[in-house]
There are 2 protein chains.
Amino acid sequence: MTQEVGDLNFSVGYALKQAAAALRTAMDAGLRPLGLSVPQYACLELLGQRPGLSAADLARGAFVTRQSMHAVLLGLEERGLLERPAVAPQGRALPTQLTPAGRDILSRASRIVAAVERRMTQSLTTEGHQRLRADLAACVAALGQDPGDH
Amino acid sequence: MTQEVGDLNFSVGYALKQAAAALRTAMDAGLRPLGLSVPQYACLELLGQRPGLSAADLARGAFVTRQSMHAVLLGLEERGLLERPAVAPQGRALPTQLTPAGRDILSRASRIVAAVERRMTQSLTTEGHQRLRADLAACVAALGQDPGDH
DNA sequence: TGCGTCATGTCAGCATCCTGACATACGCTC
DNA sequence: GAGCGTATGTCAGGATGCTGACATGACGCA
């Protein structure tokens with residue numbers, strides 16, 4: 001019950017950062033052949049599951065700022081992987097949709113990422129898998145809902 | 001047993017990123033009054049636990065490149081929080097040490113970060129705490145040892 | 001001794017991301 | 001209808017981190 005952090009090998013926060021860094025590196029390596037960065041993949045994956053999301057929604061879901069997501073969207077739009085209406089149908093939000101090409105590359109990327117996740121959790125049992133996810137969710141909730149933006 | 005990632009709410013990788021982002025935000029907010037960024041704190045914490053580490057060692061421990069750590073060290077050295085010999089006593093590595101001022105600010109920073117960690121894991125039991133850390137370590141090991149650099 | 005490999009510190013260039021700011025559009029209250 | 005707060009898209013500037021590269025020192029091996 002010390003007041004300071006103590007040995008890093010016993011720190012949950014350090015282990016968390018370590019795991020996130022390793023996952024990021026593995027995803028980066030896996031997605032490179034497709035010419036996708038992790039934020040770009042995250043954007044596609046979110047759009048695949050919830051079509052019509054606005055740029056601000058995507059930014060919150062991918063844990064980046066609206067400005068960063070804006071740049072990501074411009075790049076993906078130029079590659080013809082997604083499309084947005086020129087004018088907002090309501091309010092200012094521009095609902096974004098995947099194109100067939102976007103769905104195609106997402107399908108391949110998602111398989112790659114799923115393989116990375118399976119590799120990451122291969123030594124965990126099915127219950128351990130869900131337990132880990134639940135524990136992480138509890139940590140997120142305890143730190144307060146994710147601000148995500150500014 | 002799908003091949004793709006599936007609903008993000010059931011993805012361990014997504015939960016991991018979410019938790020890491022929330023922890024980063026909370027640490028950032030807590031350390032701001034001390035004028036420390038997370039990488040700067042990580043550097044101090046590593047040096048406090050293992051004095052004499054080289055810049056390359058610190059970079060691996062903090063999950064950044066040598067170049068980034070180099071910039072961090074320059075800033076902390078200018079603030080008088082750590083000191084390095086002008087010439088390498090052996091090889092090229094410059095063993096870094098905290099100054100008394102560095103140890104002082106580290107002590108305060110470490111208390112803040114420890115409080116954040118306790119808040120993050122407050123809903124977990126003691127066994128749950130260690131279980132989560134073990135699970136994360138297993139994930140890191142399964143993804144292969146952390147490359148860390150280049 | 002000489003050579004190849006590796007690790008380290010450091011510099012330059014570039015990509016990425018964030019902070020700050022502004023204009024617009026909706027919802028709410030008065 | 002007028003005013004206020006909030007959310008969004010977008011632009012400019014700056015901080016931060018990374019890739020690439022080079023020189024130096026240590027070690028192993030022929």
Side-chain angles (χ1 to χ4, degrees), chain A residues 17 20-21 24-25 27-29 31-32 35-43 46-47 52-78 82-97 145-150, chain B residues 17 20-21 24-25 27-29 31-32 35-43 46-47 52-78 82-97 145-150:
Chain A
K17 180 152 189 173
R24 170 82 183 218
T25 299
M27 285 178 64
D28 236 338
L31 291 173
R32 186 164 305 125
L36 285 179
S37 68
V38 171
Q40 286 173 329
Y41 158 72
C43 179
L46 284 164
L47 282 175
L53 252 49
S54 71
D57 290 329
L58 291 169
R60 279 185 290 269
F63 312 109
V64 296
T65 59
R66 282 173 299 160
Q67 294 85 338
S68 298
M69 182 53 69
H70 183 61
V72 169
L73 286 174
L74 290 181
L76 293 177
E77 193 171 16
E78 190 177 12
L82 53 83
E83 54 190 1
R84 293 186 296 173
V87 298
Q90 180 226 9
R92 295 211 69 198
L94 299 176
T96 310
Q97 302 275 345
Q145 64 294 352
D146 175 58
D149 200 334
H150 69 292
Chain B
K17 179 153 189 174
R24 170 82 184 221
T25 299
M27 284 178 64
D28 236 339
L31 291 173
R32 186 165 305 127
L36 286 179
S37 68
V38 171
Q40 286 173 329
Y41 158 72
C43 178
L46 284 165
L47 282 175
L53 252 47
S54 72
D57 290 329
L58 290 168
R60 279 185 290 269
F63 313 108
V64 297
T65 60
R66 282 173 298 161
Q67 295 84 339
S68 299
M69 183 52 69
H70 182 63
V72 169
L73 286 175
L74 289 181
L76 293 176
E77 194 172 15
E78 190 177 13
L82 52 84
E83 53 191 1
R84 292 187 296 172
V87 298
Q90 180 226 9
R92 296 209 67 199
L94 298 175
T96 311
Q97 303 275 346
Q145 63 292 350
D146 176 58
D149 200 335
H150 74 290

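Values in this document were obtained by computation on a predicted structure and should not be read as measured data. Each chain gets a letter, A, B and so on, in the order its sequence line appears, and its residues count up from 1.
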Closest approach of [X] and [Y], non-hydrogen atoms and distance?
X	Y	value
A/Leu31	A/Ser37	CD1-O, 4.2 Å
B/Leu47	B/Thr96	CD2-O, 3.5 Å
B/Val72	B/Cys43	CG1-CB, 4.2 Å

For [N] and [X] - does any side-chain N or O of the residue sit under 4.0 Å from the phosphate oxygens OP1/OP2?
X	N	answer
B/Arg84	C/dT8	no
B/Thr65	D/dG17	no
A/Arg60	D/dT8	yes

- Helical bend (five base pairs per end, nearest 10°) for the helix from C/dT1-D/dA30 to C/dC30-D/dG1: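 Angle reported: 30°, given to the nearest ten degrees.
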- Could I get the full list of side-chain contact (heavy atoms from CB on, under 4.5 Å) partners for A/Ala62, not counting sequence neighbours?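 Once residues adjacent in sequence are excluded, the partners of A/Ala62 under the side-chain contact (heavy atoms from CB on, under 4.5 Å) criterion are A/Ala42, A/Leu46, A/Val64, A/Met69.
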- Message: Taking side-chain contact (heavy atoms from CB on, under 4.5 Å) as the definition, give me every residue that meets it alongside A/Ala56, ordered by chain and number, with sequence neighbours left out.
- Response: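 With neighbours one apart ignored, the set is A/Ser54, A/Arg60, A/Arg66.
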- In chain order, what residues pass the salt bridge (Lys or Arg N to Asp or Glu O under 4.0 Å) check against A/Glu83, with sequence neighbours excluded?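 Testing A/Glu83 for salt bridge (Lys or Arg N to Asp or Glu O under 4.0 Å), a comparison that skips the adjacent residues, returns none.
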- Message: Which residues pass the salt bridge (Lys or Arg N to Asp or Glu O under 4.0 Å) test with A/Arg32, not counting sequence neighbours?
- Response: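 For A/Arg32, no residue satisfies salt bridge (Lys or Arg N to Asp or Glu O under 4.0 Å) once neighbours in sequence are set aside.
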Rounded to the nearest angstrom, tell me the gap between atom [atom1] in [X] and atom [atom2] in [N].
X	N	atom1	atom2	value
A/Leu53	D/dA7	CG	C1'	15 Å
B/Asp57	C/dT8	CG	P	6 Å
A/Gln67	C/dA21	CD	C1'	10 Å
A/Lys17	D/dG17	NZ	C1'	12 Å
B/Phe63	D/dC18	CZ	P	12 Å
B/Met69	C/dC11	CE	P	17 Å
A/Asp28	D/dC18	CG	P	11 Å
A/Leu76	C/dT16	CG	P	12 Å

- Task: Kindly point out which of D/dT10, C/dG9, D/dG17 is positioned nearest to the side chain of A/Leu94?
- Result: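 Per side-chain heavy atoms of A/Leu94, the pick is D/dT10.
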- Message: Using the side-chain heavy atoms of A/His70, tell me which of these nucleotides is nearest: C/dT8, D/dC11, C/dC11.
- Response: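 Nearest to the side-chain atoms of A/His70, counting from C-beta on, is D/dC11.
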- Message: Counting C-beta onward and ignoring hydrogens, is there a side-chain heavy-atom pair between A/Leu73 and A/Glu77 closer than 4.5 Å?
- Response: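 In short, these two side chains do not touch, never coming nearer than 4.5 Å.
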Between the protein and nucleotides 22-28 of chain C, list every N/O to N/O distance that falls short of 3.5 Å.
from: C/dA23; atom 1: N3; to: A/Arg92; atom 2: NH1; distance (Å): 3.3
from: C/dC26; atom 1: OP1; to: A/Gly91; atom 2: N; distance (Å): 3.2

- Message: As an exercise, state the distance from CG of B/Leu74 to CG of B/Leu82, rounded to the nearest 0.5 Å.
- Response: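 Spacing of CG (B/Leu74) from CG (B/Leu82) equals 9.5 Å.
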- Could you say whether B/Ser68 or A/Pro95 is positioned toward the 5' end of DNA chain D, judged by the nucleotide with the nearest heavy atom to each?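 By nearest-heavy-atom nucleotide position, the 5'-most residue is A/Pro95.
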